[in-house]
Novice: 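Quick one: this structure, given as structure tokens, is what I'll be asking you about.
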Number of protein chains: 2
Amino acid sequence: MAVFAGQGDARRSMRLLWREPGGVAGPGLSVDVIVDAAIAVADGDGMAALSMRAVGERLGRSAMALYTYVPSKAELVDLMYDRVLGELPTEYPLDGGWRVALRAWAEDARVFFLAHPWVLQVSQARPVLGPNEFAMLEALLRILRGTGLGPSVLRGVVGAVVQFVRGAAGVIADARRAARETGMTDEEWWFSRSEVLAEVAVDFASRFPLSAAIGAEEPPSVPGEECVPYLERDAVRNFAVGLDVLLDGVEAAVARARAGGS
Amino acid sequence: MAVFAGQGDARRSMRLLWREPGGVAGPGLSVDVIVDAAIAVADGDGMAALSMRAVGERLGRSAMALYTYVPSKAELVDLMYDRVLGELPTEYPLDGGWRVALRAWAEDARVFFLAHPWVLQVSQARPVLGPNEFAMLEALLRILRGTGLGPSVLRGVVGAVVQFVRGAAGVIADARRAARETGMTDEEWWFSRSEVLAEVAVDFASRFPLSAAIGAEEPPSVPGEECVPYLERDAVRNFAVGLDVLLDGVEAAVARARAGGS
DNA sequence: TTGCCACTCCTTACACCGTAAAGTATCGTG
DNA sequence: CACGATACTTTACGGTGTAAGGAGTGGCAA
């Protein structure tokens with residue numbers, strides 16, 4: 001049986017991921033409190049502010065103290081990722097059909113990603129393979145189980161929904177981060193930029209007529225959303241519309257699967 | 001007319017973005033050669049390796065020499081982003097209908113993102129607002145112009161397609177980056193991880209039955225793709241399937257728009 | 001010719017990062 | 001009481017973006 005480079009590290013990190021949480025809470029550090037502190041740092045100040053020194057400081061220790069419990073920053077991020085994924089609901093009633101449940105999942109996931117935007121910056125390939133990542137996949141598969149979709153289409157659908165939700169949430173998360181880092185609201189930013197744009201690109205409307213038209217087209221505002229920042233409001237609307245489109249596509253695939261074979 | 005913080009910087013960077021390319025090619029540096037060198041660094045060694053020192057070194061200058069031409073690293077990345085977006089095709093014949101054209105666009109975009117994976121790490125919110133970014137949007141809008149979709153749905157569709165392609169390409173790009181950085185092929189990685197997983201999570205199949213089933217289900221291989229790495233092959237298949245599902249959804253929206261109003 | 005200024009580009013420096021290496025204090029056990 | 005393990009610290013190295021200031025060069029007015 002071949003042994004590959006890094007397998008020893010793989011075993012250590014997988015053990016950390018699948019370890020029973022809790023244990024005796026003593027005066028010293030533990031993996032749990034370190035992961036919690038790291039999540040608090042990332043939630044509060046963003047992934048860019050997540051440093052070993054910052055986590056250590058929050059715990060009243062030096063940065064190097066963490067290395068007694070966690071092999072490296074990369075493994076710490078993996079642990080943070082899987083731990084926080086545990087906040088996602090996993091049970092969705094299918095009384096209203098898969099479409100209602102899938103929409104609810106997407107909405108929950110969007111809210112979750114916005115509560116922990118740093119999660120979107122954790123690499124997708126070479127997944128962490130922790131228990132809560134599988135719990136999330138399992139929830140999606142339970143929702144789609146009754147549709148009769150074959151494994152191949154099922155994978156494609158799950159991937160498309162996850163990509164879409166991650167991407168749409170990422171836009172909103174980026175907008176919020178930008179607002180915080182620049183101290184400039186979306187409105188201020190957009191206003192000043194479009195003023196400069198009109199000045200710098202004088203032939204804009206003729207070079208990009210369709211973009212200019214769709215940019216100018218202001219959709220009627222929905223009651224209650226006036227207070228949401230400009231770009232974020234647009235992004236939330238786009239999320240709802242795009243999700244509907246995507247679900248229509250899933251519905252077509254389901255109908256096809258029920259009519260014929262896979 | 002209110003003046004917001006950073007507007008002066010905004011004017012400078014917009015001027016850089018929309019400036020006519022070229023100019024006299026002298027012995028000294030220029031914005032163009034700096035942006036080209038930076039793109040070469042990012043293409044070759046990834047976004048993480050893009051440092052002002054690395055770009056300067058490639059040009060035989062110090063890092064600080066770049067600051068004569070470019071205000072900061074952030075602006076440089078914006079310039080790289082818009083410059084490289086110019087590689088995307090913008091004309092898609094509509095002879096075969098919008099669906100064929102949109103599929104072609106998605107395929108081109110996927111290839112483009114894989115050629116320049118660092119583009120996926122450029123923030124989406126607060127867009128760069130450069131000419132080539134608008135050219136890309138314009139190309140998408142031209143493809144979808146004849147569908148009769150209203151502006152709101154149009155925005156949602158464009159967003160959903162872009163998010164999907166970015167997300168799917170991102171998974172593949174991450175997989176390649178991981179393979180390069182760890183020196184471990186996808187097969188090696190997956191084999192060793194799943195071995196450890198079976199050992200660490202003994203009740204895996206009973207805790208996550210659907211995930212276990214879909215993981216075990218091996219789809220029939222398509223001729224010619226045997227040489228593609230494991231995870232990447234899966235990702236490409238998922239891309240094709242997911243794109244079809246998404247396009248089915250767009251088709252439903254188009255049919256609805258043609259039948260009734262909005 | 002001389003003096004000056006603008007333009008390029010350089011060196012130095014600072015505060016931050018992840019983490020390797022080595023030192024110290026405390027404690028359970030032989 | 002000695003010893004080794006454990007928990008934690010300090011120090012250090014090579015990396016980052018970029019502010020500050022200096023050096024060399026060329027054009028131009030006096």
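All chains are named by letter (A, B, ...) in the order of the sequence lines, taking the proteins before the strands, and each is independently numbered beginning at 1.
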Novice: If you pin B:Ala54 and A:Arg61 to their nearest nucleotides in DNA chain D, which one's is more 5'?
Specialist: A:Arg61
Novice: Which is true for A:Leu50 with a 4.0 Å heavy-atom rule: it touches a base, it touches only sugar-phosphate, or it touches nothing?
Specialist: sugar-phosphate
Novice: Taking the side chain of B:Met52 as its heavy atoms from C-beta onward, which of C:dT19, C:dC9, D:dT18 lies nearest to it?
Specialist: D:dT18
Novice: Which is true for A:Ser62 with a 4.0 Å heavy-atom rule: it touches a base, it touches only sugar-phosphate, or it touches nothing?
Specialist: base
Novice: Without decimals, in angstroms, what is the distance between A:Leu66 CG and C:dG18 P?
Specialist: 10 Å
Novice: Can you tell whether the side chains of A:Arg11 and B:Glu199 come within less than 4.0 Å, N to carboxylate O?
Specialist: yes
Novice: Tell me the closest heavy-atom pair linking B:Glu188 and B:Gly183, and the distance in Å.
Specialist: OE1-O, 4.2 Å
Novice: Choose from C:dC9, D:dA7, C:dG18 the nucleotide whose nearest atom is closest to any side-chain atom of B:Leu29.
Specialist: C:dC9
Novice: Please give me the minimum heavy-atom distance between B:Val84 and B:Phe112, naming the atom from each residue.
Specialist: O-CE1, 3.2 Å
Novice: Quick one: B:Ile34 CD1 to C:dC9 C1', roughly how many Å, whole number?
Specialist: 11 Å
Novice: Among D:dG17, C:dT12, C:dT19, which is the nearest nucleotide to the side chain of B:Tyr67?
Specialist: D:dG17
Novice: B:Leu76 CG to D:dT16 C1': how many Å, rounded?
Specialist: 15 Å
Novice: Taking N and O atoms by type only, does the side chain of B:Arg53 place a donor or acceptor under 3.5 Å from a partner on the base of D:dG17?
Specialist: yes
Novice: Does B:Tyr69 put a side-chain nitrogen or oxygen below 4.0 Å from OP1 or OP2 of C:dC9?
Specialist: yes
Novice: Consider the side chain of B:Ser51, meaning its heavy atoms from C-beta on, and name the nucleotide among D:dG17, C:dC10, C:dT19 that approaches it most closely.
Specialist: D:dG17
Novice: Nearest nucleotide by nearest heavy atom, which residue falls closer to the 5' end of DNA chain D, B:Ala63 or A:Gly60?
Specialist: A:Gly60
Novice: Name the nucleic acid region contacted by A:Ala65, choosing base, sugar-phosphate or nothing; use a 4.0 angstrom heavy-atom cut-off, strictly under.
Specialist: base
Novice: Write down the distance between CD (A:Glu75) and C1' (C:dT19), rounded to a whole number of angstrom.
Specialist: 14 Å
Novice: Does the distance from a Lys or Arg side-chain N to an Asp or Glu carboxylate O, for B:Asp32 and B:Arg19, drop under 4.0 Å?
Specialist: yes
Novice: Atom NZ of A:Lys73 to atom C1' of D:dG15: distance rounded to whole Å?
Specialist: 14 Å
Novice: By nearest atom, which of the nucleotides C:dT19, D:dG17, D:dA20 is closest to the A:Ser72 side chain?
Specialist: C:dT19
Novice: What is the distance, to the nearest angstrom, from the CG atom on A:Leu59 to the P atom on D:dT9?
Specialist: 10 Å
Novice: Within the distance-only criterion (no hydrogens, no angle test), does the side chain of B:Arg166 pair as donor or acceptor with the backbone N or O of B:Leu120 below 3.5 angstrom?
Specialist: yes
Novice: Rounded to the Å, how far apart are B:Met64 CE and D:dA19 C1'?
Specialist: 7 Å
Novice: Figure out the CE/P separation between B:Met47 and D:dG17, and round it to whole Å.
Specialist: 11 Å
